[in-house]
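Worksheet for the structure shown next.
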Amino acid sequence: MTTQTPAVRLRGITKSFGSNLVVEPLDLEIGRNEFFSILGPSGCGKTTLMRMITGFETPTGGSVELDGKTVDRVSTRERDLNMLFQSYALFPHLSVYENVAFELRVRKTAKAELDTRVREALALVRMEEFAARKPAELSGGQRQRVALARAVVGRPAVVLLDEPLGALDQKLRKEMQFELKRLQREVGITFIYVTHDQEEALTMSDRIAVMSRGRVLQVASPIEIYDAPTSRFVAGFIGSCNLIDAVVESGRVVVPGLGAVPATLPDGTADGARVVVAVRPERMTLSDQPIEGGFAGVIAERVFLGDEWTYHVKAGETELTVRVPSGETSTALAGLPEGGRVWAAWPAAAGRVLPADETASPLIGSPA
Ligand SMILES: Nc1ncnc2c1ncn2[C@@H]1O[C@H](COP(=O)(O)OP(=O)(O)OP(=O)(O)O)[C@@H](O)[C@H]1O
Ligand SMILES: [Mg+2]
């Protein structure tokens with residue numbers, strides 16, 4: 001991160017409801033003009049974290065800074081941000097245009113500027129033609145787009161979006177992703193973005209925070225989150241991943257029934273440690289001939305997905321998922337029936353060794 005004042009800085013922010021700790025103390029900085037996504041399963045604390053940044057929720061502890069200034073005593077209205085809620089509501093008696101214009105009218109924005117801004121925001125979400133309609137006359141996806149226009153029309157420094165594209169079909173969703181990125185580049189808004197769609201998070205974000213049960217387990221770029229997860233949870237949550245239980249013996253990673261497997265062992269990992277070897281299915285190779293350092297197994301199941309085959313291979317007691325691009329490389333394999341004998345292998349660099357404990361901190365020596 002640059003030395004610029006971050007758009008958002010959280011210091012030890014935490015939230016409990018009664019005795020239920022839903023966001024564990026967290027330090028986090030989000031840069032200006034950053035596209036920052038929060039990913040995690042339902043109930044892990046994403047919305048609560050966003051609401052604490054906005055001021056809608058009072059933290060149990062810790063402090064929020066916006067643009068270098070503490071805002072703990074500043075009301076939501078006076079914070080330079082806007083949030084699009086998961087369950088947003090439009091004003092039913094106002095037209096689409098007036099819904100989007102509302103905040104600008106409150107701020108007494110000059111008429112010509114207001115009109116320009118509202119039309120721009122409606123164009124962004126492809127809703128210009130619907131300006132005169134009432135919310136009840138719109139589809140769910142159209143209402144969601146109006147809410148999105150309303151969130152960005154005032155061009156706040158920070159916009160928090162909680163599943164903003166959830167109600168849209170795939171094509172519109174892709175278009176809106178593109179438009180949001182464009183808006184962010186052109187206007188310089190910091191986005192804090194919650195989505196359940198991993199691909200969306202990977203393609204849109206500068207950085208991603210992965211949460212589980214109130215804890216932020218890892219904050220990193222999409223590439224790092226995907227290639228270098230630091231916990232079993234993150235490896236399994238983003239994309240698909242083989243998670244193979246193993247034990248460290250004399251500096252080697254040993255899988256019961258398979259023996260030593262290719263893996264990069266972090267320095268200082270103790271002998272006898274229970275670990276998980278995480279290998280992405282596309283990093284594995286499969287052959288109908290023995291491969292040096294590979295493991296013999298049988299095809300338990302294979303699924304044709306057009307551009308690739310997914311093989312489920314049983315090697316000893318270990319189930320491996322292997323993805324093979326369809327076409328030339330897999331013609332020999334394509335001829336093999338389920339139950340056919342194959343060999344699976346992967347390079348040591350593709351075998352990431354993680355603590356067996358689901359959400360434990362990184363093993364000693366692995367990159368932070
Ligand atoms: N006002 C509240 N009072 C008590 N518990 C709450 C309150 N708001 C949220 N919780 C609890 O806090 C936890 C985190 O909720 P939160 O809404 O932040 O999850 P989330 O990650 O946004 O989930 P989802 O993906 O389903 O929207 C949940 O267990 C939820 O039940
Ligand atoms: Mg939520």
Side-chain angles (χ1 to χ4, degrees), residues 37 39 41-42 165-178 195-205 208 210 222-229 232-246 255-259 261-263 276-352 354:
S37 294
L39 271 183
S42 184
L165 310 181
L168 307 182
D169 65 56
Q170 195 58 24
K171 181 167 175 288
L172 193 53
R173 203 177 167 114
K174 289 261 180 263
E175 284 175 21
M176 300 275 288
Q177 287 173 6
F178 181 80
T195 175
H196 274 120
D197 182 335
Q198 296 177 25
E199 190 189 314
E200 186 166 291
L202 289 171
T203 56
M204 308 258 299
S205 314
I208 297 173
V210 181
I223 294 173
E224 206 179 325
I225 287 275
Y226 189 83
D227 282 342
R232 177 186 190 134
F233 181 87
V234 173
F237 192 75
I238 312 291
S240 58
C241 199
N242 290 285
L243 297 167
I244 310 163
D245 290 311
V255 175
L258 290 186
V261 298
V276 165
V277 185
V279 192
R280 297 283 179 199
E282 70 272 19
R283 300 291 304 272
M284 293 203 172
T285 45
L286 204 59
S287 172
D288 59 343
Q289 306 291 322
I291 315 176
E292 165 113 32
F295 302 98
V298 293
I299 300 174
E301 195 191 3
R302 45 175 212 158
V303 183
F304 181 61
L305 295 167
D307 57 344
E308 63 172 42
W309 285 87
T310 297
Y311 287 87
H312 298 284
V313 173
K314 198 144 196 270
E317 288 307 301
T318 306
E319 298 257 7
L320 300 173
T321 301
V322 186
R323 292 220 291 258
V324 181
S326 60
E328 273 177 54
T329 50
S330 63
T331 39
L333 291 168
L336 283 179
E338 287 178 0
R341 196 161 174 72
V342 285
W343 282 262
W346 63 90
R352 234 186 123 72
L354 303 170

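Since the structure is predicted, the reported quantities are computational estimates derived from the model, not experimental observations.
- Between the R283 side chain and the A349 main chain, no donor and acceptor come within less than 3.5 Å of each other.
- Smallest separation of non-hydrogen atoms from L258 and F295: O-CE2, 3.7 Å.
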**Request:** Give the C-alpha distance, both sets of side-chain angles, the deciding distance and a yes or no for side chain to side chain contact (heavy atoms under 4.5 Å, CB included) between E200 and M176.
**Result:** CA-CA 11 Å; E200 186 166 291; M176 300 275 288; over 6 Å; no
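- Taking 4.5 Å as the limit, every side-chain heavy atom of V261 sits out of range of all side-chain heavy atoms of I244.
- Residue L165 holds its CG atom at 10.5 Å from CD of Q170, rounded to the nearest 0.5 Å.
- Listed by chain and residue number, R126, K171 satisfy the salt bridge (charged side-chain N to carboxylate O under 4.0 Å, His left out) test with E175 (two or more places apart in sequence, or in another chain).
- With sequence neighbours left out, F178 forms a side-chain contact (heavy atoms from CB on, under 4.5 Å) with no residue at all.
- The two residues R341 and A296 have their closest heavy-atom pair at NH2-CB, 3.5 Å.
- Not a single side-chain contact (heavy atoms from CB on, under 4.5 Å) links P256 to another residue, sequence neighbours left out.
- Minimum heavy-atom separation, A201 to P222: O-CG, 4.4 Å.
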**Message:** What verdict does the side chain to side chain contact (heavy atoms under 4.5 Å, CB included) test give for L305 and T310, after you've listed the backbone C-alpha separation in whole Å, the side-chain angles of each residue and the deciding distance to 0.1 Å?
**Reply:** CA-CA 7 Å; L305 295 167; T310 297; 3.3 Å; yes
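- Scored by the ring-ring contact (aromatic ring centres under 6.0 Å, His included) test, F237 finds F233 as partners (sequence neighbours excluded).
- In terms of heavy atoms, A278 sits closest to L243 at CB-CD2, 3.8 Å.
- In terms of heavy atoms, T195 sits closest to R173 at OG1-NH2, 3.8 Å.
- Across all non-hydrogen atoms, the minimal contact from P262 to W346 is O-NE1, 2.8 Å.
- In this structure Q198 satisfies the side chain to side chain donor-acceptor pair (under 3.5 Å) test with no other residue, sequence neighbours excluded.
- Looking at residues two or more places apart in sequence or on another chain, you find a salt bridge (charged side-chain N to carboxylate O under 4.0 Å, His left out) between E282 and R323.
- For the side-chain contact (heavy atoms from CB on, under 4.5 Å) test, residues two or more places apart in sequence or in another chain that qualify with P290 are W343.
- Under the side-chain contact (heavy atoms from CB on, under 4.5 Å) criterion, A246 pairs with V253, V255, V275, V277, sequence neighbours left out.
- With hydrogens and angles ignored, the 3.5 Å screen pairs a side-chain donor or acceptor of S326 with a backbone N or O of D307.
- Taking D227 as the reference, nothing meets the salt bridge (charged side-chain N to carboxylate O under 4.0 Å, His left out) condition, with sequence neighbours excluded.
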**Request:** Assess whether side chain to side chain contact (heavy atoms under 4.5 Å, CB included) is satisfied between R232 and D245, documenting all intermediate values.
**Result:** CA-CA 11 Å; R232 177 186 190 134; D245 290 311; 3.4 Å; yes
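- In this view, R302 satisfies the salt bridge (charged side-chain N to carboxylate O under 4.0 Å, His left out) rule with no residue, not counting sequence neighbours.
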Using residues 313-320 as the side-chain source, report each donor-acceptor pair under 3.5 Å to any protein atom, sequence neighbours left out, with the distance given to one decimal.
none

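- Looking only at distances, no side-chain donor or acceptor of S205 sits under 3.5 Å from a matching main-chain atom of L202.
- Here I225 contributes atom CD1 and L39 contributes atom CG; the two are 8.0 Å apart, rounded to the nearest 0.5 Å.
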